[in-house]
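Structure first, commentary second.
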Amino acid sequence: MNVKLRGTLCGVGAAVFYGTNPLGAMNLYQDGISANSTLFYRFGLAIVMLGVMMLVQRKKFGVTRSELLLLAILGMFMGSSSASLFISFNYMDVGIASTLLFVYPVMVAVIMALLFKEKVTPTTAVSIMLAFGGIALLNQSPDGSSLSTLGVLLVMASSLTYAIYIVVVNKSKLRMSSVKLTFYVLIFGLMTILGYTFAMGETVHLLTTPHQWLYAAQLALMPTVLSLVLMAIAVKDIGSTPTAILGALEPITAVAIGCFGESFTTRLAVGIALILTAVLLIIGGKQMSPQRITVAFTRLGRMIVKTWRWKS
């Protein structure tokens, strides 16, 4: 398969799977399982899955000291990003949180421009303005009151740490399979989660029912193992910024699986449209003619209208 095509498909898959985060998380929250405990099982079960996968594939577990240090740093970023996002679910609608998270592609573009001298084109600048315009529209609850400031800050922290994670994966000199990389990242991510848990004076809640273990397994497999492995492949094949931009499918997934529920309004639809349009412009780059942009806007509008009618 063509490398670019493989990277694009993996990026799409990573975004879709990552967008399923709220499915298991909210069900566990309803059973009284804390955010940190939910992440403990998500990361722990994912490590077991990846470990079995490596054993079946007869992959070596050995790493050098320099690789271990870099993997530890990546794990801390991943653990911090996940913890911030999952805790934010306690302060705002998960659909809005999932959409606000999508500012991370803009952060990736900015980091690449500032640290690695990637040129910031007029298209990128317009995309950034559109993205933040969308966030401004999303920064209200369904009854019109402002969202929790703490909730928004938590999601922004999650976006930033995830953006840094993507850039480091792309620019690092790690030469190992995506499965092995994800395995070690999750080990250190799990250590980070446990650190947060004990620092907050919490303990890990025990899962006591089959359906709780099922939700935990879903979190481990879909938005963790599948998403992170596919994302690592995509970053190596097509780069940090394109992979991040393909994350546009994350908020779409959140809407499709019903995370917005009754709170999905026209204002939220416009906010999502602005964010996705920003992504569309970055994807198209110089090849995006006015005619193509018009067609894209039309299709995007139809998609949102259909989603809104379905929710109604």
Should M112 and N170 be marked as a side-chain contact (heavy atoms from CB on, under 4.5 Å) after you check the CA-CA gap, both sets of side-chain angles, and the distance that decides it?
-> CA-CA 11 Å; M112 295 299 290; N170 182 33; 4.2 Å; yes

Distance-only donor-acceptor check, side chains D31 and H211, under 3.5 Å = yes

Heavy atoms only: give me the nearest I233-C10 pair and the separation to one decimal.
-> CG2-SG, 3.7 Å

Identify the two heavy atoms, one from E202 and one from S34, that lie closest to each other, and give their separation to 0.1 Å.
-> OE1-OG, 3.6 Å

Co-membership, hydrophobic cluster, residues M26 and M222, 4.5 Å side-chain = yes

Establish whether I87 and I33 are linked, either directly or via other cluster members, by ILVMFWY side-chain heavy-atom contacts under 4.5 Å.
-> no

Got a second to check how far T8's OG1 is from I238's CD1, nearest 0.5 Å?
-> 4.5 Å

Please tabulate, for side-chain N and O atoms in residues 65-80, each donor-acceptor pair with protein atoms closer than 3.5 Å (sequence neighbours left out).
| from | atom 1 | to | atom 2 | distance (Å) |
| --- | --- | --- | --- | --- |
| S66 | OG | T64 | OG1 | 3.2 |
| E67 | OE1 | T64 | N | 3.0 |
| E67 | OE1 | T64 | OG1 | 3.4 |
| S80 | OG | M76 | O | 2.8 |
| S80 | OG | Y196 | OH | 2.9 |

May I have the step-by-step check of side-chain contact (heavy atoms from CB on, under 4.5 Å) for V108 and T243, ending in yes or no?
-> CA-CA 10 Å; V108 170; T243 300; over 6 Å; no

Flag the pair Y41 / Y215 as yes when their ring centroid distance falls below 6.0 Å, and as no otherwise.
-> no

Decide whether L55 and L181 are clustered together by the hydrophobic rule: side chain heavy atoms of Ile, Leu, Val, Met, Phe, Trp, Tyr closer than 4.5 Å, transitively.
-> yes

Separation of L230 CG from R6 CZ (nearest 0.5 Å) | 11.0 Å

Counting distance only, does the side-chain N/O of T20 pair as donor-acceptor with the main-chain N or O of V16 below 3.5 Å?
-> no

Heavy-atom donor-acceptor pair, R42 side chain to P223 backbone, under 3.5 Å = yes

Measuring from L101:CG to S81:OG, what's the distance to the nearest 0.5 Å?
-> 6.5 Å

Would you mind reporting whether M231 and Y165 have side-chain heavy atoms less than 4.5 Å apart?
-> yes

Please check if the side chain of S159 supplies one atom and the backbone of V155 the other of a donor-acceptor pair under 3.5 Å.
-> yes

Starting from the C-alpha separation in whole Å, work towards a yes-or-no answer on side-chain contact (heavy atoms from CB on, under 4.5 Å) for K180 and V63.
-> CA-CA 10 Å; K180 185 175 180 179; V63 293; 3.7 Å; yes

Side-chain touch T182/L186, heavy atoms, less than 4.5 angstrom | yes

Say you draw a straight line from CG of N36 to OG1 of T38; how long is it, rounded to the nearest 0.5 Å?
-> 8.5 Å

Flag, side chain of Y29 to backbone of F86, donor-acceptor distance under 3.5 Å = yes

Taking all heavy atoms of A163 and all of M107, pick out the closest pair and write down the distance.
-> CB-CB, 3.8 Å

Does V225 reach the side chain of F17, with side-chain heavy atoms less than 4.5 Å apart?
-> no

Cluster question for you: counting only ILVMFWY and a side-chain heavy-atom cut-off of under 4.5 Å, with indirect links fine, are L206 and I193 together?
-> yes

Measure the acute angle between the ring planes of Y18 and Y162, then classify it against the limits of 30° and 60° as parallel, tilted or perpendicular.
-> parallel

Do L115 and Y104 share a hydrophobic cluster (ILVMFWY, side-chain heavy atoms under 4.5 Å, transitive)?
-> yes

side-chain hydrogen bond (donor to acceptor under 3.5 Å, both in side chains) with S88: which residues, sequence neighbours excluded?
-> none

Would you confirm whether S227, through its side chain, and T224, through its main-chain N or O, come within 3.5 Å as a donor-acceptor pair?
-> no

With a 4.5 Å heavy-atom cut-off, do V169 and L174 have their side chains touching?
-> no

Hey, can you pull the donor-acceptor pairs under 3.5 Å for the side chains in residues 43-52, sequence neighbours left out?
none

Going through the distances and angles, do M176 and K60 end up as a side-chain contact (heavy atoms from CB on, under 4.5 Å)?
-> CA-CA 10 Å; M176 61 182 66; K60 295 181 179 180; over 6 Å; no

